[in-house]
Amino acid sequence: MKGLLIQLGLVWVALLILLAATVIAAHLPLGAAKPWISYAIAFAKAALILWVFMEMRKEGAIARLAMMAAMVWLIMMMTLSASDYLTRGWLSG
Amino acid sequence: MSDAALDMGKPAEEVEDISYLRAGHSLRSWFLTTDHKRIAILYLVSIVFFFLIGGAAAAMIRLDLLTPAGDLMTNEGYNRAFSLHGIIMVWFFLIPSIPNTIGNFIIPLMIGARDLAFPRLNLLSWYIYIVAGFIALAVVLGGGVDTGWTFYTPLSTMYANGMVAATVIAVFISGFSTILTGINFIVTIHKLRAPGMTWSRLPLFIWSHYAVSIIFVLATPVLAITLLLVAAERLFGIGVFDPALGGDPLLFQHLFWFYSHPAVYIMVLPAMGVISELITSAAHKRIFGYWFVAIASIAIAVIGFLVWGHHMFVSGQSLYASAVFSFLSVAVAVPSAIKVYNWTATLYKGDIMIDAPLLFALGFIGLFVAGGLTGLMLAMLAIDVHVHDTYFVVAHFHYIMVGGTVTAFFGALHYWWPKITGRLYNETLARIAAIVILVGFNVTFFPQFMLGYEGMPRRYHVYPPEFQLLQVISSAGAALLAVGYAMPAFYLLWSLKKGPRAPANPWGATGLEWTTSSPPPKHNFTQQPVVVRGPYDYPLEHPASRANA
């Protein structure tokens with residue numbers, strides 16, 4: 001139990017550090033790299049939550065498959081939304 | 001699917017003959033029940049209540065539209081009336097209509113289970129739904145909301161002066177009810193099937209509810225978060241959708257329709273499952289192309305997630321994205337068409353008995369085809385620009401949601417009423433009601449296609465006088481439709497007192513639910529069913545019980 005609490009505490013601290021990194025990155029002149037750095041930090045946060053808080057590291061194949069399905073749906077949503085945002089200027093360009 | 005039937009020879013762990021309706025008469029026995037059948041009844045009563053409220057708003061709208069000057073309501077009042085109608089009908093009637101009532105009751109019976117996998121979660125789902133519904137009612141009493149059911153930004157976040165935050169909270173809460181139902185159905189279908197009930201022996205009603213449960217679980221959270229962001233921006237000024245705060249109003253539309261277009265399939269997929277059962281039972285014939293119909297349900301659920309951008313063709317969305325969404329929207333017609341062709345092929349050379357459930361099923365097919373084909377028109381970029389935000393769109397989605405889902409709901413109610421209540425209703429009145437509903441529906445909504453094509457915009461109650469004739473015809477049709485919807489309330493309730501007792505299988509249908517008594521015992525079966533054949537193994541001749549029903 002103690003080990004589990006320490007583990008959760010460490011992940012929580014890691015999430016806070018990543019949050020701080022997000023805030024700092026938002027205020028630094030990083031140019032075109034800025035969104036990609038933000039995405040990388042967000043990915044790391046999500047991975048920590050999935051792997052530790054949601055205990056995916058202990059789950060069987062079906063639970064992991066369900067998690068992957070959710071990820072696929074998220075990718076579908078973001079990809080098709082991006083098809084709008086990334087091509088809005090094409091006609092005028 | 002040639003090998004359906006079952007073997008009732010195995011003794012059950014617990015044998016109970018007492019019907020679920022007689023297993024307790026106190027309020028506590030209903031409001032704290034974990035029996036899926038009783039929870040289905042609780043849902044049935046609740047959704048009928050909300051249907052009446054949404055219907056009352058529709059009646060006010062149709063009355064107001066009788067005259068071109070909008071004499072009945074103020075502009076503000078009209079906005080609130082159609083918003084109330086949409087919000088109540090979509091989230092508090094249509095979405096739970098078939099899954100939470102008929103699905104809740106029938107799914108465990110169809111797969112040979114004693115209950116859903118999580119009975120307490122099932123009851124919790126109903127309580128959450130009721131809490132959300134009462135918040136929505138409080139909004140109505142507190143003055144209402146004028147954003148339409150779509151809550152588009154920046155109207156909802158910056159300009160609307162109604163109770164937007166309370167309304168989105170109500171919808172947010174109702175989403176948890178939906179998610180819990182979806183999880184319950186998925187786990188039940190995976191884990192609680194009777195021995196021998198393989199995936200290839202699942203009734204198509206189960207396949208469609210499995211598909212809709214996937215949408216429940218994957219789409220609803222997106223709506224929930226989106227509506228929370230609307231509330232956050234409106235209440236706390238957090239910039240998500242407001243460009244002045246760094247947001248993007250179209251982001252709302254992307255997120256909203258990512259849920260709300262699949263929500264159309266949430267409404268119509270269970271209806272399709274119902275129709276598969278009604279058609280095979282009425283034709284007394286195996287379904288034509290079982291696997292095509294089953295996989296079409298899953299295909300609709302998946303492709304339905306990829307088409308939301310067709311709601312945004314004139315919103316400023318990139319033309320390239322619109323072209324992609326247009327193509328994908330056309331693609332979703334393929335599995336839908338497969339189902340329609342297969343139902344029709346099932347009827348071909350069938351041993352058909354034209355009872356009320358079949359009339360509702362035939363009505364569904366006709367109305368769904370009209371709604372689906374006009375949906376294809378709306379998926380075309382050029383046509384959509386012409387008819388966007390007109391009555392053409394209103395007519396299209398009512399053909400799907402009301403002509404499709406509500407007609408199937410009535411068909412399901414009539415088909416499984418003997419099983420649910422143990423009573424038979426007056427078949428003649430039921431056939432008349434089915435015809436009145438079909439005629440009333442078309443008189444109401446077909447003129448709206450013409451109105452929209454001629455340029456009548458939706459959500460306006462003051463309109464040019466040349467549109468009045470079609471508006472009056474539409475309102476007259478609505479009155480007829482209301483009569484059609486009211487009729488079953490009388491003869492079905494009458495049947496509870498005076499209707500003849502129903503045998504276990506009044507339709508001579510296959511399927512596990514017809515092998516147990518009507519109404520079923522508390523734990524559904526007195527013996528553990530063992531399935532040895534597929535779901536639609538009909539004999540060539542009519543069973544005598546069917547002719548006597």
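Lettering follows sequence order; numbering is per chain, from 1. The model shown is predicted, which means the values in this text are computed figures rather than measured ones.
- In this structure, B:F305 and A:W73 have perpendicular ring planes: the angle between them is above 60°, well past the 30° mark.
- Only the side chain of B:V222 comes within contact range of chain A, with heavy atoms under 4.5 Å apart.
- For CZ of B:R120, the number of neighbouring non-hydrogen atoms (other residues, nucleotides, ligands) closer than 6.0 Å is 12 at most.
- Using a 4.5 Å cut-off between heavy atoms, B:I186 does not touch chain A at all.
- Environment of CH2 in B:W199: crowded, with over 12 heavy atoms of neighbouring residues, nucleotides or ligands closer than 6.0 Å.
- Of the listed residues (B:D248, B:V324, B:V217), the greatest number of heavy-atom pairs within a distance under 4.5 Å of chain A belongs to B:D248.
- The environment of CE in A:M71 is sparse: at most 12 heavy-atom neighbours from other residues, nucleotides or ligands sit within 6.0 Å.
- Distance check, rounded to the nearest 0.5 Å: OG of A:S81 to CD of B:Q317 gives 9.0 Å.
- For B:L255, the part lying under 4.5 angstrom from a heavy atom of chain A is the side chain only.
- Across every non-hydrogen atom of B:S318 and A:S83, the tightest pair is OG-O, 4.1 Å.
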A:D84 and B:Y320: side-chain contact (heavy atoms from CB on, under 4.5 Å), yes or no, with the steps?
-> CA-CA 7 Å; A:D84 171 25; B:Y320 296 96; over 6 Å; no

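- Residues A:M76 and B:W308 share a closest heavy-atom pair of O-CH2, 4.1 Å.
- Within the 4.5 angstrom heavy-atom criterion, atoms from both the backbone and the side chain of B:L306 approach chain A.
- Between chain B and the options A:T79, A:L80, A:L86, the largest number of non-hydrogen pairs under 4.5 Å is found for A:L80.
- For the atom pair CG (B:L319) and CH2 (A:W90), the distance works out to 11.5 Å, reported to the nearest 0.5 Å.
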